[in-house]
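Remarks on the structure that follows.
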Amino acid sequence: MQDLTQLLLNGLSTGAVYALFALGYTLVFSVLGVINFAHGAVFTLGAYFTYFLIGGAAGANGLLAGLQLPFALPFWLALPLAGLGAAAVALLIERTAFAPLRQRNADPLLALITSLGAGVVLVNLIQLLVGAESYAIPTGALAGLPAAVRIGGAQVRSVQLLLLLVAAVLLTLLTLWIDGTRSGKGLRAVSEDPTTARLLGIPSDRMIQIAFGLSGFLAGIAGGLVGLSVSIAGPYFGIGYGLKGLGVLVLGGLGSVPGAVLGGLIIGLAEACVPADLSGYRDVVAYGFLFVVLLVRPQGLLGRVLPSKV
Amino acid sequence: MDALLIDASLLQQMLIGALLGISVYLPLRCGQLSLATPGFYAIGGTLAALLSTRVDALGGAEPVYPLSSVLLEMLLAAALAGGLAVGIGRVVLRLRGVYLAIATIALVEILRVTTLNQESLGGAVGIFGIPQPFLDPQGYALFTLIALALVCWLCDRLERQRLGRAMEAIRDDELAAACQGIDTDRTKLVAFVLSAVVAAITGVISAHFLNSWNARLGNFDASITTLAFVVFGGSRTWAGPVIGGLTLTALPELLRPIGDLRLIVFGLVILVGPLLLPQGLITPERLRLIRGLLHRGAKP
């Protein structure tokens, strides 16, 4: 029973990160129909922003060696600010890598390349500025919270609970926004058909920017939380999550918000169930799922079948 | 002499880049965005590494590894990758657009993680001491140049033939192509298999040249870099990926003097390239123009 609780919580908290990650892909995919390959870099940036905002110092290997902000914010304030910073970067990526292609009516597949280029620039910029070493966000950042609590006999790290809580709150807010507000409806209209939406007076470009901003915010928060829970393993650490996020995205159904959440939780739990002696194969789980789903149900678990147009 | 040696190994890497570019280009010629190239490249590389280090009959112990053994490895790698591609292609080519891209990324990752965890395939350490058929980079570069020239010649023939034109028709409009009586499924499968064969042969050459092989050589980064070759160079004729592969492989090396900034500049090139040249550097129209100029230049 104790082991099961542990397993479940481990799986759920990993899954929550995947879900946050995949939601960022989904938001952009639903309005543009392309995948933003720079998303992993935004996630990474969120983690670094959090690290610096709570008063961390840069290592010795970058241009900014030894740099430290003159103030140290508490984690609960640093995390949303890091999210906002990541959102700003995501908007910048939209301006440089996506908007120019849209204005020229270019092949949407080119956005895969341009966004990847933006990602390469960001990742190497991080490396240039703060070096390739790993950074650990001190667990003392959660002042006042015990390192672990006991639930049903299992030791659970508070970080994991925090991760689950934040993810749940964000997902609820996002769903409420999409379903219940005017701008949320606008987003759905644009994802249905951008041209018609524009004819009906919905500012498509504005909705696209909102989607990018939100996706950056979610990625930034996820990055900060993972940085706290594991550590920031260098500028490339978002890439692995980025690839997993693709698996989650397809599993749930491209462009489906509840699908991204369900996909994230399924893959997180499935990975937690891989026995320790096969842990090397853990990374195959997501891709194996992805492959099977693509073949059996290409629209994803909660996706819709679109009629093929002539 | 030192400078010449460095140049020959850079040239070798550029030629490998060009071959991989062609491998990505072939499915893209019929509008199929497959990112499986690094997977098949890894299959070729791993097969060559295993055969040449473990099968004594191939002549791994001799001071110079026999060229005939390399050719045999290439043949086997082509057969293995081609066979796999027929099986995988039948399944994944039912997917379209970005779904195909993601499925092939998943395929590459599954192959990579499996190789990483199988000690018999080299595991995390990799396979070392792969015997050398050539004693200097110049030999490799010449051999690869011949292979590239052969592949380019075949692609040029293909583009002028029924099959190549059918591929183009599918890219422009799959439904219309099917209505014209083109067997779209078969054409796409042929392109996918050819792509796998080119990638696997390239992997064999690369394994010998690099002297060691590990699972990391066929990863997601490679998927995207090779795709960038094609997008940058142009995806409508074989000359595009060749030029793209040559230049983009050379670029980070040529930028070495600017040190840490080089990968940032590389990223900017990939970011800005498609914006300035949505069709890529080389289009059939431009190629015809160049050919015309060369022709006119040769006459008087």
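Chain A is the first sequence line, chain B the second, and so forth, proteins listed ahead of strands; every chain is numbered from 1.
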Cut-off 4.5 Å, heavy atoms of chain A, and the answer for Leu95(B) is side chain

Note, Val242(B) side chain near Ile22(B) side chain (heavy atom, < 4.5 Å)
yes

Cut-off 4.5 Å, heavy atoms of chain B, and the answer for Leu112(A) is side chain

Next on the checklist: Do Arg29(B) and Thr237(B) pair up side chain to side chain, a donor and an acceptor below 3.5 Å, judged on atom types alone?
Outcome noted: no

Q) Between the side chain of Ser195(B) and the main-chain N/O of Ser23(B), is any donor-acceptor distance below 3.5 Å? A) yes

* Asked: With under 30° as parallel and over 60° as perpendicular, where do the rings of Phe237(A) and Phe43(A) fit, or are they tilted in between?
  -> tilted

The interface call for Leu101(A) against chain B, heavy-atom contacts under 4.5 Å, is both

Listed by number, the residues in residues 25-35 of chain A that come under 4.5 Å of chain B (heavy atom to heavy atom) are Phe29(A), Ile35(A)

Interface check, chain B: of Leu290(A), Val120(A), Leu246(A), most non-hydrogen pairs under 4.5 Å belong to Leu290(A)

Distance only, no hydrogens: is a donor on one side chain within 3.5 Å (strictly under) of an acceptor on the other, for Thr226(B) and Thr37(B)? no

| said: Walk me through whether Trp213(B) and Tyr41(B) qualify under ring pair (Phe, Tyr, Trp, His ring centres under 6.0 Å). | reply: CA-CA 11 Å; Trp213(B) 190 266; Tyr41(B) 174 67; 5.4 Å; yes

If one checks every heavy atom of Leu107(B) against chain A at 4.5 Å, the contacting part turns out to be both

Max heavy-atom pairs within cutoff under 4.5 Å with chain B, candidates Leu243(A), Leu125(A), Val284(A), goes to Leu243(A)

Counting heavy-atom pairs under 4.5 angstrom with chain B, the leader among Ile113(A), Val121(A), Leu128(A), Leu116(A) is Ile113(A)

**Asked** Going by atom types alone, do Ser34(B) and Thr104(B) pair a side-chain donor with an acceptor below 3.5 Å?
**Response** no

Sorted by chain and residue number, the ring pair (Phe, Tyr, Trp, His ring centres under 6.0 Å) partners of Tyr135(A) (sequence neighbours excluded) come out as Tyr48(A), Tyr51(A)

When the 4.5 angstrom heavy-atom criterion is applied to Ile102(B) and chain A, the contacting part is both

If one checks every heavy atom of Val91(B) against chain A at 4.5 Å, the contacting part turns out to be both

The complete set of side-chain hydrogen bond (donor to acceptor under 3.5 Å, both in side chains) pairs with one or both residues in residues 179-194 of chain B, sequence neighbours excluded, reads Glu174(B)-Lys188(B)

Residue pairs meeting ring-ring contact (aromatic ring centres under 6.0 Å, His included), one or both in residues 89-124 of chain A, sequence neighbours left out, come to Phe98(A)-Phe212(A)

Assert top hit (heavy-atom pairs under 4.5 Å, partner chain A, pool Ile264(B), Leu116(B), Val231(B)) equals Ile264(B)

Okay, Ile105(B) and chain A: the region with an atom under 4.5 Å from a heavy atom over there is side chain

Check your understanding: Can a salt bridge be assigned to the pair Glu271(A) and Lys244(A) using a cut-off of 4.0 Å between side-chain N and carboxylate O?
Key -> yes

